[in-house]
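Below you will find the structure I want to go over with you.
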Amino acid sequence: MRVQSRQSARAAARFAEQVSKLWYGDQWFVREHVWAIHAAYIRSSGQEGEDEGEPGSIDQVGYNTMVKAAERILELTQETLPVRRTVFAVAKEA
């Protein structure tokens, strides 16, 4: 779901939040939750998995929302790839 569009990524992030509460500590669910948040709020338009004409610029998501999503990702995981991609994306928009 998270790769199809920004709306489905947001639905996946909400679903993953609920699931990760039920199975707290399961790394697979945490990892999927992190990538769903990244796809929904961090990844900018034109990156893999998104159509060129689909809305998804930082103007629509909002920088503050992006920062909150980044903070949530940093709370959930210490894995190098999602943390690095998140930090670089936020720094690029700042």
Legend entry - Test side chain to side chain contact (heavy atoms under 4.5 Å, CB included) applied to His33 and Gln18, step by step: CA-CA 10 Å; His33 186 199; Gln18 295 170 351; over 6 Å; no

Legend entry - same_hphob_cluster(Ile42, Tyr63) at 4.5 Å side-chain heavy-atom cutoff: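 In one cluster with Ile42: Tyr63, yes.
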
Inset, instruction - Check the pair Ile37, Leu76 against side chain to side chain contact (heavy atoms under 4.5 Å, CB included), reporting the backbone distance first and the verdict last. - result: CA-CA 11 Å; Ile37 294 170; Leu76 289 171; 4.0 Å; yes

Legend entry - Student check: side-chain heavy atoms of Lys92 and Phe88 closer than 4.5 Å: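 Answer no - side chains too far apart.
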
Legend entry - Closest non-hydrogen atom pair, Ala12 against Ala36: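 That closest heavy-atom pairing would be C-CB, 4.0 Å.
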
Legend entry - Heavy-atom closest contact (Arg10 atom, Tyr41 atom, distance):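 Taking Arg10 first and Tyr41 second, the nearest heavy atoms are NE-CE2, 3.5 Å.
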
Legend entry - Gln78 and Val83: CA distance, side-chain angles, deciding distance, side chain to side chain contact (heavy atoms under 4.5 Å, CB included) verdict: CA-CA 7 Å; Gln78 295 299 314; Val83 168; 5.6 Å; no

Legend entry - Any side-chain heavy-atom pair of Glu17 and Arg72 under 4.5 Å: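 Counting from C-beta outward, Glu17 and Arg72 do come under 4.5 Å.
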
Legend entry - Pair Glu79 + Arg84: basic N to acidic O under 4.0 Å: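 Salt bridge between Glu79 and Arg84, a charged N being under 4.0 Å from a carboxylate O: no.
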
Legend entry - Polar side-chain atom of Arg6 near backbone of Arg43 as donor-acceptor pair, under 3.5 Å: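 Yes, the answer is positive, given that a donor and an acceptor are paired below the 3.5 Å cut-off.
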
Inset, instruction - Answer yes or no: does atom CD of Glu75 have more than 12 heavy-atom neighbours from other residues, nucleotides or ligands under 6.0 Å? - result: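 Count over threshold, so yes.
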
Inset, instruction - Provide the closest heavy-atom pair for Thr86 versus His38 in the form atom of the first, atom of the second, distance. - result: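 It is OG1-CD2, 3.5 Å.
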
Legend entry - Considering all heavy atoms, the nearest Val34-Pro82 contact: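 Minimum heavy-atom separation between Val34 and Pro82: CG1-CB, 3.6 Å.
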
Inset, instruction - Determine whether more than 12 heavy atoms belonging to other residues, nucleotides or ligands lie under 6.0 Å from atom CZ of Phe15. - result: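 No.
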
Inset, instruction - Indicate, with yes or no, if Ile73 and Val30 share a hydrophobic cluster defined by side-chain heavy-atom contacts under 4.5 Å among Ile, Leu, Val, Met, Phe, Trp and Tyr. - result: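 Val30 and Ile73: one cluster.
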
